[in-house]
Amino acid sequence: MESKWQGLPPREKLIKFGAATLSDCELLAIFLRTGTRGVHVMELSQRLIDHFGSLYRLMNATKEDFQAIGGIGVAKYAQIHAVAQLARRCFTCREALESHTVTSSEQMLDFLHSSLAHREREIFQVIFFDNQHRVLHACEMFSGTINSVEVHPREIVREALKHNAAALILAHNHPSGLAQPSCADRDITQQIVCACTLLNIRVLDHIVIGRGEYVSFAERGWM
């Protein structure tokens, strides 16, 4: 039976016009490579995106979620999760930030969302800068539970001194998906600011990452 997908195949379209011209469905089809019995790869890609509601939910779906979809085997699950992990490693590696001068929290969002939004536990991350706002170091300093993380301001100060940092950005995720900061989030931020001020280290922002949303303390005037 002739397929209804008669346009330029995704791979050829990418080569001719560039990856940015491809839809989510076309990009996914390139990684899946083939469809299933009686289902064209483009149709399969669209079905998956429609089923999960978004690329983000698709890339973070569990094996059990995939098994609930008829005709989707372990191989397709492995393909999708391999590319999702590859993308995370690309965007969260130090080279993704090095040599960049940061002038606003907006420039950090892609990096932070890629590294934190999918995590099932709260992770507290700190990015350290020199006095030109160039990234010196980025690390996950504290790991907690599904709804809390214990943070030690003196450890952050110690790490800042180790890298001779002049400024830093704090960030952590909310696995619930809701980015609204808690009272505890605001309290620990103030403690870190006070500890850093004693050593003339500036805290530029604290960014809370949810799923598809974020809250910047600096943008809210809390810094």
Side-chain angles (χ1 to χ4, degrees), residues 60 84-211 213-223:
N60 289 281
Q85 185 60 34
L86 186 65
R88 290 185 191 117
R89 293 186 186 187
C90 173
F91 282 107
T92 59
C93 67
R94 187 167 179 231
E95 288 83 355
L97 289 176
E98 282 182 336
S99 302
H100 287 271
T101 300
V102 178
T103 57
S104 74
S105 60
E106 287 289 344
Q107 292 175 273
M108 287 283 99
L109 291 180
D110 284 344
F111 171 81
L112 293 173
H113 193 274
S114 295
S115 61
L116 296 176
H118 64 285
R119 308 293 283 274
E120 296 180 354
R121 296 176 179 273
E122 282 202 17
I123 304 295
F124 199 95
Q125 188 168 32
V126 185
I127 304 170
F128 301 92
F129 304 87
D130 65 14
N131 56 13
Q132 299 298 315
H133 289 185
R134 292 174 299 204
V135 175
L136 295 170
H137 183 60
C139 65
E140 297 178 1
M141 294 205 63
F142 310 103
S143 176
T145 66
I146 193 171
N147 58 12
S148 67
V149 59
E150 187 173 354
V151 177
H152 303 283
R154 69 178 180 180
E155 294 299 321
I156 295 174
V157 171
R158 181 180 299 171
E159 192 73 10
L161 293 175
K162 175 181 173 181
H163 295 282
N164 197 28
L168 55 85
I169 284 178
L170 312 169
H172 79 281
N173 63 313
H174 281 175
S176 67
L178 302 176
Q180 186 62 35
S182 65
C183 292
D185 292 338
R186 298 189 67 171
D187 288 344
I188 195 62
T189 302
Q190 189 58 41
Q191 292 176 39
I192 295 169
V193 169
C194 290
C196 288
T197 299
L198 294 174
L199 295 170
N200 200 30
I201 300 169
R202 288 167 293 145
V203 180
L204 303 176
D205 202 352
H206 185 171
I207 301 174
V208 183
I209 299 292
R211 292 180 183 171
E213 63 181 53
Y214 77 96
V215 171
S216 160
F217 279 46
E219 289 180 3
R220 294 231 176 152
W222 296 345
M223 302 296 297

* To do: Step through it carefully: locate the ring centre of His152, locate the ring centre of Phe124, and say whether they are under 6.0 Å apart.
  =>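 Ring-ring flag for His152/Phe124: false, centres at least 6.0 Å apart.
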* Taking it one step at a time, do Met223 and Thr189 satisfy side-chain contact (heavy atoms from CB on, under 4.5 Å)? -> CA-CA 9 Å; Met223 302 296 297; Thr189 302; 4.0 Å; yes
* For Glu150, look at atom CD and say whether over 12 heavy atoms of other residues, nucleotides or ligands are found less than 6.0 Å away. =>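 No, CD of Glu150 has 12 or fewer neighbouring heavy atoms, counting only those of other groups under 6.0 Å.
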* Check whether more than 12 heavy atoms from other residues, nucleotides or ligands sit under 6.0 Å from atom CG of Leu161, and answer yes or no. => yes
* Just wondering, do Pro153 and Ile188 contact through their side chains at under 4.5 Å, heavy atoms? ->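 Yes, side chains in contact.
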* Would you say the side chain of Val135 lies within less than 4.5 Å of the side chain of Ile127, judging by non-hydrogen atoms? -> yes
For the atom pair [atom1] ([X]) and [atom2] ([Y]), what is the distance rounded to the nearest 0.5 Å?
X: Glu122; Y: Ile209; atom1: CD; atom2: CD1; answer: 12.5 Å
X: Arg121; Y: Asn173; atom1: CZ; atom2: CG; answer: 11.5 Å
X: Gln125; Y: Ile207; atom1: CD; atom2: CD1; answer: 10.0 Å

* To do: With sequence neighbours excluded, tell me which residues meet side-chain hydrogen bond (donor to acceptor under 3.5 Å, both in side chains) with Ser143.
  => none
* Structure fact -> By side-chain hydrogen bond (donor to acceptor under 3.5 Å, both in side chains), Asp130 pairs with (sequence neighbours left out) Arg134
* ring pair (Phe, Tyr, Trp, His ring centres under 6.0 Å) with His174: which residues, sequence neighbours excluded? -> His172
* Asked: What orientation do His206 and Phe217 show, parallel under 30°, tilted 30 to 60°, or perpendicular over 60°?
  -> parallel
* **Set of residues satisfying salt bridge (charged side-chain N to carboxylate O under 4.0 Å, His left out) with respect to Glu140, sequence neighbours excluded** =>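 Listed in chain order: Arg119.
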* To do: State which residues pass salt bridge (charged side-chain N to carboxylate O under 4.0 Å, His left out) with Arg154; sequence neighbours excluded, sorted by chain then number.
  =>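 Testing Arg154 for salt bridge (charged side-chain N to carboxylate O under 4.0 Å, His left out), a comparison that skips the adjacent residues, returns none.
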* Tell me, with the steps shown, if Glu155 and Glu159 meet side-chain contact (heavy atoms from CB on, under 4.5 Å). => CA-CA 6 Å; Glu155 294 299 321; Glu159 192 73 10; over 6 Å; no
* To do: Decide side-chain contact (heavy atoms from CB on, under 4.5 Å) for Tyr214 and Leu112; before the verdict, give the C-alpha distance in whole Å, the side-chain angles of both, and the deciding distance to 0.1 Å.
  => CA-CA 10 Å; Tyr214 77 96; Leu112 293 173; over 6 Å; no
* Please check if the side chain of Asp185 supplies one atom and the backbone of Ser182 the other of a donor-acceptor pair under 3.5 Å. =>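 Judged by distance alone, yes, a pair lies under 3.5 Å.
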* Asn131 side chain to Ala166 backbone, donor-acceptor under 3.5 Å -> no
Would you be so kind as to tabulate the donor-acceptor pairs closer than 3.5 Å made by side chains of residues 190-203, with sequence neighbours excluded?
residue: Thr197; atom: OG1; partner: Val193; partner atom: O; Å: 2.7
residue: Arg202; atom: NH1; partner: His133; partner atom: NE2; Å: 3.4

